[in-house]
Amino acid sequence: MHESAAQIFINAFLANNFVLAMFLGLCPFIGVSGKLETAVPMGVASTFVMLVASLCAFGINILLAHLGLEFLRLIAYIVIIASTVQLVEMVLKKYSPSLFRALGIYLPLITTNCAVLGVALFQTAREYDFVQSITFAVGAGAGFTLALVLMASVRERLQLSDVPAVAQGTALSLMLAGILSLAFMGFAGLGG
Amino acid sequence: MIDVAIPPQTTSPVAMIRTLGLVAALCGFIIVAAYQGTFDAVQENKRIAVERAVFKVIPTAKAIVEYFAAPSGSVTKVGAGDTAPVGSIKFYAAYDASGKLAGIAAEGVAKGYSDNVRILFAYDPGSAAITGFGLVAMRETPGIGDKILVDKDFLANFPLEAKLADDLKQLAHAIVTVKHGSKTQAWEIDAITGATITSRAVGRAINDAAQMLLPRIVPNLTQLKENNGPPRS
Amino acid sequence: MNASTTERWDEFMEGIWRQNPLFVMVLGLCPALAVTVSAVNALSMGLATTFVLTCSCVLVSLLRKLIPKEVRIATYIVIIATFVTVVDYLIQAISLALYDALGAFIQLIVVNCIILGRAEAHASKNPLLPTLINALGMSAGFTLGLFALGAVREILGAGTFFGIALFGADFQPWVVMVLPPGGFFVLGAWLLIFAAIARRRQKKLAENIQNA
Amino acid sequence: MKLLSYFRGEAFQRGVHPPSCKLTASTRIRRLPFASKVTVPLSQHIGKTPRPIVQVGQEVVRGEPIARSDEWLSVPHHAPVTGVVEFIGLRPGVRGPWVESIVIRAHPGASQEDLWGRPRDLSDATGGDILQAIWDAGMVGLGGAAFPTHAKLTVPKQAHVHTLVVNGCECEPYLTCDHRVMVEQADDLITGIRYAMRATGAVRAIVGIEDNKPDAAVAIRAAIVRCGRIPEGEIYAELVPTKYPQGSEKMLVMALFGVEIPAGDLPVSLGMVVNNVGTLAALGKLLPAGRGLTERIVTVTGPGVAKPGDYIVPLGTPLRFVLDYAGAPGVATRQVILGGPMMGQAAASLDVPITKGMSGVLVMQGDALDWRGNQKTYPCIKCAECVESCPMGLNPAQLGMLAAKREYDLMGSDYHLGECFECGCCSYVCPSNIPLVQQFRIAKQILREKALSK
Amino acid sequence: MSIEISSAPHIKGTRSVEQIMRHVVWSLLPVCAFFIFQYGLSALLSLMVVTVSCLLTERFFVRQGGQSGDIGDFSAIITGLLLALSLPPGFPLWMGAVAGIVAIALGKALFGGIGFNVFNPALIGRAFVQAAFPQAIATYTPSFMPGRFAEYIPSSLTLPLMQPVSVVEWLKDRQFDALAGATPLAKWKFEGVMANADELLTSLSGHMAVGPSPVLILLCGAYLAFRRFLDWRIPAAILGSAGLTAWILYGFDPLRFPNPFFMLFSGGLILGAVYMATDMATSPVTPKGMWVYGALIGLLTVIIRYYSGLPEGVMYAILIANAAAPLIEKITQPTPFGKGVLSNLGRQKKGASYPLHSGYISREDAGAVTPKKRFMFNKPKHPPKE
Ligand SMILES: Cc1cc2nc3c(=O)[nH]c(=O)nc-3n(C[C@H](O)[C@H](O)[C@H](O)COP(=O)(O)O)c2cc1C
Ligand SMILES: Cc1cc2nc3c(=O)[nH]c(=O)nc-3n(C[C@H](O)[C@H](O)[C@H](O)COP(=O)(O)O)c2cc1C
Ligand SMILES: Cc1cc2nc3c(=O)[nH]c(=O)nc-3n(C[C@H](O)[C@H](O)[C@H](O)COP(=O)(O)O)c2cc1C
Ligand SMILES: Cc1cc2nc3c(=O)[nH]c(=O)nc-3n(C[C@H](O)[C@H](O)[C@H](O)CO)c2cc1C
Ligand code: SF4
Ligand code: SF4
Ligand code: SF4
Ligand code: SF4
Ligand code: FES
């Protein structure tokens with residue numbers, strides 16, 4: 001069954017949101033969503049890395065299939081994605097220091113998280129073509145950013161609330177994520 | 001010259017590369033060993049899984065053969081290690097104990113409530129009908145979506161008429177899912193109340209796959225029938 | 001028991017209780033929430049992680065003198081990825097159904113930072129035996145955590161435990177528990193319970209000090 | 001209600017409509033007798049404190065200067081009574097802490113006429129002469145802020161003033177002193193306006209009056225005609241829809257001209273000067289007579305007052321004396337508010353004196369204050385009432401939540417705490433009974449201290 | 001004698017939290033009464049059980065000290081009544097009780113109680129049971145069934161933790177086919193049948209399985225809005241944006257999409273717009289924010305109804321907008337008086353809000369300049385002497 005780009009995007013963005021429905025990228029989601037001002041660059045940086053990962057994975061996959069070395073896929077993905085991100089980081093540092101300053105500190109955090117690897121693995125498993133892969137990566141990144149931004153603004157508001165002492169911290173974040181995930185269930189079936 | 005006591009590097013590049021090489025070699029060895037070691041078991045597992053799935057939808061089957069249906073309309077047997085030609089569709093021909101063609105099984109996929117629903121359906125060439133289906137994978141809601149496997153009314157939809165039109169290019173009647181209680185035709189699927197979306201997905205998956213596959217298979221039925229099943233003990 | 005055995009035991013228990021990777025350090029959330037729709041899946045995931053964690057730590061510990069500082073992270077990642085690939089094939093060989101249920105999350109063990117964290121913080125500095133004990137403790141803690149999630153979600157969400165029906169045919173399953181929100185809620189609830197216990201204990205402690 | 005005011009043509013956005021309770025709107029201004037002892041605090045206005053120029057034991061006549069300063073932003077004080085200086089030192093102040101004051105014992109037999117002043121002809125005095133005369137008279141704004149009037153009327157070099165805005169809104173509930181001044185002393189007011197126009201160079205004066213006081217506008221228009229010498233359109237009275245806090249100069253300028261005074265700027269940036277009607281009426285009376293400010297009109301009112309009314313009160317008269325005279329027995333009094341109920345200050349004791357900036361004495365008795373105890377305080381339910389009533393367009397709900405968590409810096413930097421002029425609308429409407437403006441005062445104080453310590 | 005000292009203001013408006021909440025409860029009573037009239041005993045029992053479970057949970061948490069507020073503030077009653085009104089009348093009572101408990105515990109106490117919650121408690125309760133018991137919550141029964149005051153809908157009385165008995169047989173006994181129990185939206189989405197206007201508005205003419213009467217809700221909401229107990233902007237924005245979106249889509253393809261009237265008056269849109277989206281604690285406080293928030297809800301509702309797997313979308317739309325509310329509020333902070341860059345320009349062009357005297361000299365005419373420094377600069381050189 002062929003999925004259109006729009007469908008793939010909507011699916012990755014809302015209906016099967018990486019964080020809220022697929023359980024990918026939860027650690028940064030819980031960890032970085034305390035403040036809006038860190039959430040936004042984190043989201044943008046993640047989207048960027050996902051895109052890089054998606055491109056790498058697409059290339060590697062063709063190469064490995066050609067060589068008949070599919071069993072090395074995982075190890076190749078992780079090594080190449082990590083080094084490409086590092087390379088991009090260095091290039092950024094050299095040619096766009098302002099952009100680097102905005103995103104740079106987040107890049108090393110992201111290189112090996114499961115949302116990024118997830119993009120690579122899922123697009124391989126679903127046999128997406130080039131355009132589909134890119135759409136998927138951008139959609140997933142946008143969905144991740146959306147969830148992160150919503151969560152951060154809610155958590156900022158809760159800073160001003162009298163949240164009971166036992167609930168403060170990770171427990172509250174998880175419950176919030178649960179409620180958001182409940183709300184996002186409304187989008188189920190949207191991308192079809 | 002005064003010796004400035006800042007060692008530029010604690011490890012020499014040669015040592016670094018040597019170690020990395022060693023580790024990579026070790027890892028490569030482990031992976032290859034694991035791959036080789038499990039290869040047969042995995043293949044066997046996959047084969048058994050496919051067989052089981054096909055045997056489930058075609059209860060009389062005792063053996064299966066994998067085929068490709070090429071866009072040109074020809075069907076070819078799949079040998080070990082063959083890769084699918086472009087645009088071809090894989091399907092399984094199942095043979096009963098006496099080696100007669102018991103049915104044909106193929107995969108279909110359609111978007112369900114939360115993700116794709118992948119099914120394996122059985123086609124009976126004799127009666128030109130879909131006789132049943134089994135699940136390959138889905139992420140539908142437990143308790144709702146999975147009613148398609150247990151709901152008696154729903155299972156009663158099968159056999160489902162799937163005759164080709166006279167030009168052998170497409171189905172005479174597209175297979176459609178209709179609301180619960182309003183099935184009037186043999187090619188209609190009566191949906192499950194409360195799981196209409198998943199029911200629809202099943203209908204669509206079958207229809208899409210059948211529309212593609214049957215025009216390629218039906219003209220070649222004799223070829224499939226002649227082949228008296230794989231030489232298996 | 002001699003002193004060092006007690007120490008070893010303490011070190012092991014550390015990973016299960018005081019430093020539990022899931023409940024205390026809140027790491028490896030993705031697999032913890034994604035695959036714990038049933039107790040079996042939770043246990044399998046736990047065992048797979050245990051395998052990768054233990055093997056990688058052992059190998060890192062063995063090679064620790066050899067690995068240059070500059071490339072250690074890369075080396076660890078390669079080692080971890082190796083064992084993940086191994087476990088991936090092992091599970092395929094054991095049961096395809098299980099493999100399908102765990103999905104991509106087996107391969108995602110690679111990025112589970114518990115493993116990299118252990119390799120970096122512990123295995124690279126310690127000899128084989130302590131590393132093994134530490135790794136086993138952590139794995140046991142993670143597996144227990146997964147099991148705690150999986151059990152609750154399976155019992156409420158399907159009315160079964162390890163696939164055995166518990167409440168008779170008319171039980172109404174709470175579907176939400178096996179859906180994504182349920183994962184968040186159950187883990188959140190566990191954390192709330194632990195926080196409540198900790199608070200009560202602290203209160204008692206404070207009272208005791210006051211009384212004394 | 002909001003919709004209604006929209007169709008009626010809103011004077012300014014938001015604001016509130018507290019019950020007006022103007023008990024004394026049609027009572028004539030009466031004179032209060034002289035207390036046996038008056039206390040003149042040295043600091044009654046914004047600016048530098050003048051120093052006493054009399055000694056203990058010295059005889060003073062009513063109207064004689066008793067304190068003076070060479071500082072520009074400061075005004076002299078004049079003896080409110082004829083008598084003997086009894087004490088110079090600390091006396092209880094309005095805010096609680098004791099302040100430097102001059103206590104004068106009145107001569108029981110003295111006629112208490114203003115003996116000191118010398119009438120003069122200002123008909124062709126220059127603006128500078130008039131400013132000097134205003135300064136000598138010890139005038140400060142009688143509208144409440146008590147800013148030295150000569151300073152306000154001095155137009156900055158780079159600026160140009162074209163309009164004198166005369167503030168006759170009196171938006172606070174209960175208070176009627178400005179209202180009575182406009183009705184009864186309209187001629188003095190016109191005289192005062194003309195002096196102020198000459199001092200500032202304004203070519204036009206507009207008296208802004210809330211439309212619940214139509215008689216005041218009638219009286220002023222009649223006085224303009226009576227005066228005769230005024231060209232058409234030079235001075236006129238405008239009615240503006242009643243709403244609190246119309247009296248604030250920003251709101252009044254908005255209501256009259258539809259322009260916003262830029263945040264942090266004074267009306268003079270738009271070529272305007274705003275003065276209270278009481279101030280200008282007093283000018284009109286004092287300048288030709290060459291006298292100083294020794295008395296003011298105070299509204300004495302409230303649920304517990306037997307003879308409420310607008311009284312001409314000698315400055316320095318003790319509060320207790322005023323209350324006794326107006327029939328508000330001190331025993332039953334629960335609270336005395338100096339000024340109006342929305343912005344006024346609760347007096348710390350009944351021994352404090354009446355000062356130049358005090359426009360009202362509001363006496364709360366019996367159950368008038370019970371709402372404080374009866375209403376439960378809830379967390380902010382985000383009903384947005386406060387946002388819809390803040391005339392400055394702030395977000396008091398957010399400010400309040402931040403204040404509760406002591407995020408004072410954020411209040412100042414992101415939520416414009418500095419713009420809050422403490423009108424109290426937000427506290428007035430809050431159904432959760434959150435003391436919003438009270439918290440904001442504390443927050444502003446803390447921020448000020450922080451800025452100072454830097 | 002001592003006098004009290006307190007900080008201004010010394011008078012207080014008459015509004016109180018209890019008063020607001022009490023009025024909302026009162027305004028809900030006619031809606032509840034009609035709901036009971038439509039569905040009989042089961043609806044009555046459902047309203048009671050859900051409300052009581054909310055109140056008991058609230059009481060538990062208030063006693064525990066986990067949340068502020070008190071049970072006397074009526075807000076838990078609103079939560080209970082709205083929750084019950086949004087559930088099908090024959091919803092098993094034990095599930096209703098679960099919804100009530102979850103609503104208060106997860107939706108309110110977790111955040112610290114009244115005013116602090118970020119999500120609408122009633123909708124959290126409903127969303128939870130919708131995800132937990134999706135079949136039961138999709139099971140509606142026809143309205144105005146004969147004998148509705150004499151017997152319960154059988155699913156109401158399901159034993160706790162057990163599956164509800166199917167109402168299909170019960171309906172068959174009463175000569176209703178299984179389809180009678182579908183809501184207008186479900187009928188449209190899954191069967192392509194559109195309900196008529198009169199049925200949607202009152203359902204008096206047939207046995208359509210509709211929710212609480214939209215006409216009555218609008219009337220009660222209008223009363224509340226007129227008394228300013230709720231903000232009219234939010235319902236206006238929701239109905240406006242939902243109506244507009246539906247109208248545009250209808251214009252594109254009238255065969256595929258229903259008309260805007262159907263969109264507005266079917267399902268729970270009116271209830272959600274009037275009573276649920278307006279919940280103060282969970283909507284923005286800034287006026288501009290309210291428009292954005294309402295528009296977002298309207299848009300999401302239509303998108304979810306038309307394109308997602310579910311027939312109804314109001315609940316999810318409101319919950320998502322709740323999550324976005326702090327963000328919306330942040331970017332729609334009001335501009336303080338005198339800070340708008342263009343405020344003066346714009347206003348002057350429009351003219352004064354109050355009629356100006358003809359002799360008004362504009363600032364430009366008079367050539368006024370804004371002084372950079374205050375009074376310090378035109379201080380007279382020598383202090384004048386007496
Ligand atoms: C949490 C949840 C899960 C759902 N899962 C499914 C599902 O797996 N398959 C499905 O067809 N519909 C699912 N639905 C959709 C509803 O049950 C929907 O009303 C139903 O499919 C419509 O069918 P009906 O017209 O026969 O009532 C789900 C709804 C919810 C709230
Ligand atoms: C610190 C300070 C400085 C002021 N400087 C001037 C000034 O230079 N010129 C002027 O006309 N008014 C000045 N004012 C008076 C204000 O314009 C205003 O009339 C006074 O603050 C009281 O107004 P309000 O009651 O509306 O706040 C000043 C006020 C304060 C508090
Ligand atoms: C909230 C608020 C309300 C005010 N209400 C009045 C009022 O009703 N009448 C008035 O004359 N001044 C009022 N003022 C003071 C004016 O802003 C301004 O200071 C005064 O009119 C200047 O005149 P003055 O210097 O002669 O006192 C108010 C100030 C504020 C901040
Ligand atoms: C206009 C209005 C609408 C309300 N709507 C809801 C609602 O939809 N759900 C709810 O749980 N509480 C509602 N409440 C009650 C109360 O605001 C709610 O419990 C708060 O969220 C508690 O902080 C409403 C109150 C008012 C005044
Ligand atoms: S490595 Fe992965 S699991 Fe670890 S903190 Fe980073 S994102 Fe979380
Ligand atoms: S003191 Fe009160 S009445 Fe007078 S101007 Fe100020 S606010 Fe208005
Ligand atoms: S006191 Fe301040 S915040 Fe409150 S309404 Fe007045 S100006 Fe606004
Ligand atoms: S008026 Fe009070 S309760 Fe309402 S939003 Fe403002 S601070 Fe909150
Ligand atoms: S981000 Fe930590 S396990 Fe997925």
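Letters go in sequence order (proteins before strands), and every chain restarts at 1.
Residues C/F184 and A/M175 are not in side-chain contact: their nearest non-hydrogen atoms beyond the backbone lie 4.5 Å or more apart. Contact check for C/W190 versus A/L174: no side-chain heavy atoms found under the 4.5 Å cut-off. With a 4.5 Å cut-off on side-chain heavy atoms, C/L179 and A/M185 count as touching.
C/G188 and A/A171 get closest at one heavy-atom pair: O-CB, 4.0 Å. Closest approach of A/C114 to C/C30, counting heavy atoms only: SG-SG, 3.1 Å.
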The test is side chain to side chain contact (heavy atoms under 4.5 Å, CB included); show your working for A/I78 and C/V111 and say whether it passes. CA-CA 9 Å; A/I78 186 115; C/V111 287; 3.9 Å; yes
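C/T36 OG1 to A/F23 CZ: the interatomic distance, rounded to the nearest 0.5 Å, is 7.0 Å. A distance of 12.0 Å separates CD in C/Q107 from CD1 in A/I75, rounded to the nearest 0.5 Å.
For a heavy-atom cut-off of 4.5 Å, chain A lies close to C/L191, C/L192, C/A195, C/A196, C/R199 in residues 191-208 of chain C. Using a 4.5 Å heavy-atom cut-off against chain A, the contacting residues of residues 81-100 of chain C are C/A81, C/T82, C/V84, C/T85, C/Y89. At a heavy-atom cut-off of under 4.5 Å, chain A is reached by no residue from residues 138-165 of chain C.
Only the side chain of A/L121 comes within contact range of chain C, judged by heavy atoms closer than 4.5 Å. For A/A167, the parts lying under 4.5 angstrom from a heavy atom of chain C are both the backbone and the side chain. When heavy atoms are compared at a cutoff of 4.5 Å, A/I30 approaches chain C solely by way of its side chain, counted from C-beta outward. Residue A/Y77 does not touch chain C at all, counting heavy-atom pairs closer than 4.5 Å. Looking at C/V176, only its side chain comes within 4.5 Å of chain A, counting heavy atoms on both sides.
Contact count against chain C (heavy-atom pairs under 4.5 Å) is highest for A/V166 among A/V79, A/V166, A/I179. Counting heavy-atom pairs closer than 4.5 Å to chain C, the top-ranked of the candidates A/L74, A/L172, A/T170, A/L20 is A/L74.
Applying the ring pair (Phe, Tyr, Trp, His ring centres under 6.0 Å) test to residues at least two apart or on different chains, the pairs with a partner in residues 151-186 of chain A are A/F184-A/F187.
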